[in-house]
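First up is the structure itself, then whatever we jot down about it.
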Amino acid sequence: MGFGRGLTAQLVAASHPNGQFYAADFNPVHVAGASALAKQAQLTNLTLLENSFEELANGQAKAALPQFDFITLHGIYSWVTAANRRHIVNFINRYLKPGGVVYLSYNAMPGWAPALPLQRLLVEYADAFPSRSDLQIKGATEFVAQLEAVKAGYLTANPGLKVRLDSLNTASPHYLVHEYLHKHWQPLFHADMARDLAEAKMTFAGQADLAYAYPLVFLNEEQRQLIERLPHPEMRETLKDYLLNTSFRKDVFVRGAQRIGARRQSELLAQVGLALTVPRAAASAKMKLTLGEVNGREELYNVVFDTLAQRPHTLAELQQLPALAGQNLHALVQVAALLTASSQAAFYFPAAQGADHAAAARLNATLAAQTRYGDEHQALCAPLLSTGIAANFLQRLFLAAIQQQAGLTPQGLARVAWQIMAPSGRRLQRDGVTLQSEQDNQALLESHAREFLATGLPLWRTLQLL
């Protein structure tokens, strides 16, 4: 719901060719752009709709809708009016299956509390100077910089705003517009979210950021005891946000949640696979999480890194390693969860032999070809993971070169990559300086290609991207 540019919808549809996917957005520009990309990639299992939340909730979608296993919203719920939040809940109540799952991410309180006046100022300034949204956010950002220069009391009294003020100068205008220029923008408490979704018979299951499943990692004993004193689960979860000053949540709710026993849970977890998503040399037991930095036991994590660098393993396979003798399954699950939360690894579910990766290959070819025109779609489909992985411009450019039979040498990739990017006027930078000559650009491309062939390409092959 509210698919934006549609990349996530494309990636999941291509990753699951036997599933049926629907995505809706109110903006016809978004729908037209995403539809063109889906048509080019021949994603026949994806239906893209131009509908409002009210139309969807009232059964007025521009296609017949089934009952859904999953419904997802990213950021949307805290950006829309109270009336639209009711429409979203009504849609979930009408179209989600019993046992179905809802994922919602949203700006959260109390972490956003100091920045509420900043967001209001950006909106008011933008309204005072009607223009394109990217120009409005640019003008508003420059105005805030002037307030910093004259040492406005609000800014000097809130030093914690520095990260957000810095992001106004470094983040993309597209992100800033979506983050700040919504008149109905309202960070939410988890308790309010849980009560809203209770009207659609939803129960909170946990956070999609898996580090939060392990309170010993981020809460001390006194804090945990304080939480346990509260009688209601929504109160306990909200108190965690006060303790951590949470500003963004990724919540998972289930309609008709059923708890399973410890034995069945272990059987299911043992089947889950784990794959590195970074080169072995970049993997570290010092993990940067949303909650902060966590240091894992190096001897344990290094065994896992070395093993996964050879090939992905299921958790049951990891448990059987002689070097991990004595580690119970749930200790390995925590290792895997923290590696996933730190974007160093990803879970996957082993697919049947002969799984169809044709749709993923078509989408990747389409996304790589888009490097001729810009840098909008910054991900590719990883069939092993049944999802997407981040891929920067150069990585997608080298994929486009490979698809044009460039040859797997640094010189070949650099030569064809330059032929692809040069006509658009795009140039590389070294130490903040834009390189103008063909010779300098090709030399830097060759250096990047050498690194890609040494570390990026083997990782892509492991993830079945190539």
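Note that the coordinates shown come from a computational prediction; the quantities given were computed from them, not determined experimentally.
Side-chain contact of R255 with N93: a donor-acceptor pair under 3.5 Å is present, judged by distance alone. Looking only at atom types and distance, the side chain of N27 has no donor-acceptor partner in the side chain of E50 under 3.5 Å away. When only modelled atom types and interatomic distance are considered, S105 and H74 share a side-chain donor-acceptor pair under 3.5 Å. Q429 and T434 share a donor-acceptor pair across their side chains, judged by distance under 3.5 Å alone. Y77 and N107 share no donor-acceptor pair across their side chains, judged by distance under 3.5 Å alone.
Within 6.0 Å of CZ on F70 lie no more than 12 heavy atoms contributed by other residues, nucleotides or ligands. Remark: R311 CZ is packed, more than 12 non-hydrogen atoms of other residues, nucleotides or ligands lying under 6.0 Å away. Other residues, nucleotides and ligands contribute at most 12 non-hydrogen atoms within 6.0 Å of the CD atom of Q258. Annotation for R94: atom CZ counts as buried by contact number, over 12 foreign heavy atoms lying within 6.0 Å.
Taking every heavy atom of both residues into account, Q60 and N51 meet most closely at O-ND2, 3.4 Å. Contact record, A270 with T314: O-CB, 3.7 Å, taken as the closest heavy-atom pair. Nearest heavy atoms, H30 versus G4: CB-O, 3.0 Å. A pairwise comparison of heavy atoms in D25 and G2 identifies OD2-C, 3.4 Å as the closest pair. Closest heavy-atom contact between A360 and P383: CB-CG, 3.8 Å. When all heavy atoms are compared, the tightest approach of L56 to A61 is CD2-CB, 3.8 Å.
L397 contributes atom CG, which lies 13.0 Å from atom CD of Q370 (distance to the nearest 0.5 angstrom). Rounding to the nearest 0.5 angstrom, the gap separating the CD atom in Q186 from the OG atom in S78 is 9.0 Å. The distance from atom CG of L308 to atom CG of L276, rounded to the nearest 0.5 Å, is 4.5 Å. Separation of atoms NZ (K240) and CD1 (I227) is listed at 6.0 Å; rounding is to 0.5 Å. In this structure, CZ in R236 is found 9.0 Å from NE2 in H232, a value given to the nearest 0.5 Å. Interatomic distance, CG of L332 versus CG of L269, reported as 10.5 Å (0.5 Å rounding).
You'll find the side chain of S386 stays beyond 4.5 Å of the side chain of Y348, heavy atoms only. The closest side-chain heavy-atom distance from P187 to F248 is not below 4.5 Å. Counting heavy atoms from C-beta on, the side chains of H313 and L274 never come closer than 4.5 Å. Under the 4.5 Å side-chain criterion, counting only non-hydrogen atoms from C-beta, L155 is in contact with L147. Here the side chains of F68 and F91 are in contact, with some heavy-atom distance below 4.5 Å. You'll find the side chain of I76 reaches within 4.5 Å of the side chain of V80, heavy atoms only. Taking the side chain as every heavy atom from C-beta outward, T72 and M1 never approach each other to under 4.5 Å.
With hydrogens and angles disregarded, a donor-acceptor distance shorter than 3.5 Å links the side chain of T277 to the backbone of A345. Checking side-chain atoms of R362 against main-chain N and O of Q42 turns up a donor-acceptor pair under 3.5 Å. Without hydrogens or angle criteria, H178 side chain to H174 main chain gives no donor-acceptor distance under 3.5 Å. With hydrogens and angles disregarded, a donor-acceptor distance shorter than 3.5 Å links the side chain of E55 to the backbone of S52. Of the possible polar contacts, one joining the N45 side chain to the A13 backbone as a donor-acceptor pair under 3.5 Å is found. Panel note: side chain R396, backbone A391; a donor-acceptor pair is recorded below 3.5 Å. Q136 contributes a side-chain N or O that, together with a main-chain N or O of A126, makes up a donor-acceptor pair within less than 3.5 Å. For N158 (side chain) and L161 (main-chain N/O), no donor-acceptor pair under 3.5 Å exists by modelled atom type. Judged purely by atom type and a 3.5 angstrom limit, W185 uses its side chain to pair as donor or acceptor with the backbone of E179. Checking side-chain atoms of Q464 against main-chain N and O of H357 turns up no donor-acceptor pair under 3.5 Å.
Partner of H190 under the side chain to side chain donor-acceptor pair (under 3.5 Å) criterion, out of D241, T238, D251: D251 alone. None of L384, I389, L457 except one satisfies the side-chain contact (heavy atoms from CB on, under 4.5 Å) rule with L465; the exception is I389.
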Derivation and outcome, salt bridge (charged side-chain N to carboxylate O under 4.0 Å, His left out), residues D134 and K138
CA-CA 6 Å; D134 60 325; K138 182 177 184 294; over 6 Å; no
L165/L118 under side-chain contact (heavy atoms from CB on, under 4.5 Å): CA gap, chis, key distance, verdict:
CA-CA 9 Å; L165 294 173; L118 174 64; 4.3 Å; yes
Please determine whether side-chain contact (heavy atoms from CB on, under 4.5 Å) holds for the pair E237 and R249, giving the CA-CA distance in whole Å, both sets of side-chain angles, and the decisive distance to 0.1 Å.
CA-CA 11 Å; E237 193 67 22; R249 289 187 60 98; 2.9 Å; yes
Derivation and outcome, salt bridge (charged side-chain N to carboxylate O under 4.0 Å, His left out), residues K97 and D69
CA-CA 6 Å; K97 292 179 182 178; D69 298 288; 3.2 Å; yes
Assess the residue pair F347 and L210 against the criterion (side-chain contact (heavy atoms from CB on, under 4.5 Å)); give the C-alpha distance rounded to whole Å, side-chain angles, the decisive distance to 0.1 Å, and a yes or no.
CA-CA 11 Å; F347 288 114; L210 296 175; 3.3 Å; yes
Using the salt bridge (charged side-chain N to carboxylate O under 4.0 Å, His left out) rule, take K162 and E148 through it: C-alpha gap first, then chi angles, then the decisive distance, then the call.
CA-CA 10 Å; K162 178 171 171 42; E148 287 186 272; over 6 Å; no
Verify side-chain contact (heavy atoms from CB on, under 4.5 Å) between V31 and F3, making sure each step is shown before the conclusion.
CA-CA 9 Å; V31 179; F3 64 73; 3.8 Å; yes
Salt bridge (charged side-chain N to carboxylate O under 4.0 Å, His left out) between R86 and D196: does it pass, once the steps are laid out?
CA-CA 8 Å; R86 286 194 295 273; D196 284 356; over 6 Å; no
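Partners of Y125 according to the ring-ring contact (aromatic ring centres under 6.0 Å, His included) rule, which considers only residues two or more places apart in sequence or in another chain, are F129, F143. Here R264 pairs with E267 under the salt bridge (charged side-chain N to carboxylate O under 4.0 Å, His left out) rule; sequence neighbours left out.
Aromatic pair F218/Y212: centroids less than 6.0 angstrom apart. Aromatic rings of F53 and F26 (six-membered ring for Trp) have centroids beyond the 6.0 Å cut-off, not under it. Ring-centre distance between W460 and F452: below the 6.0 Å cut-off.
For the pair R426 and F393, the cation-pi test (distance below 6.0 Å, angle within 45°) is passed. Under the 6.0 Å distance and 45° angle rule, R85 does not count as a cation-pi partner of W79.
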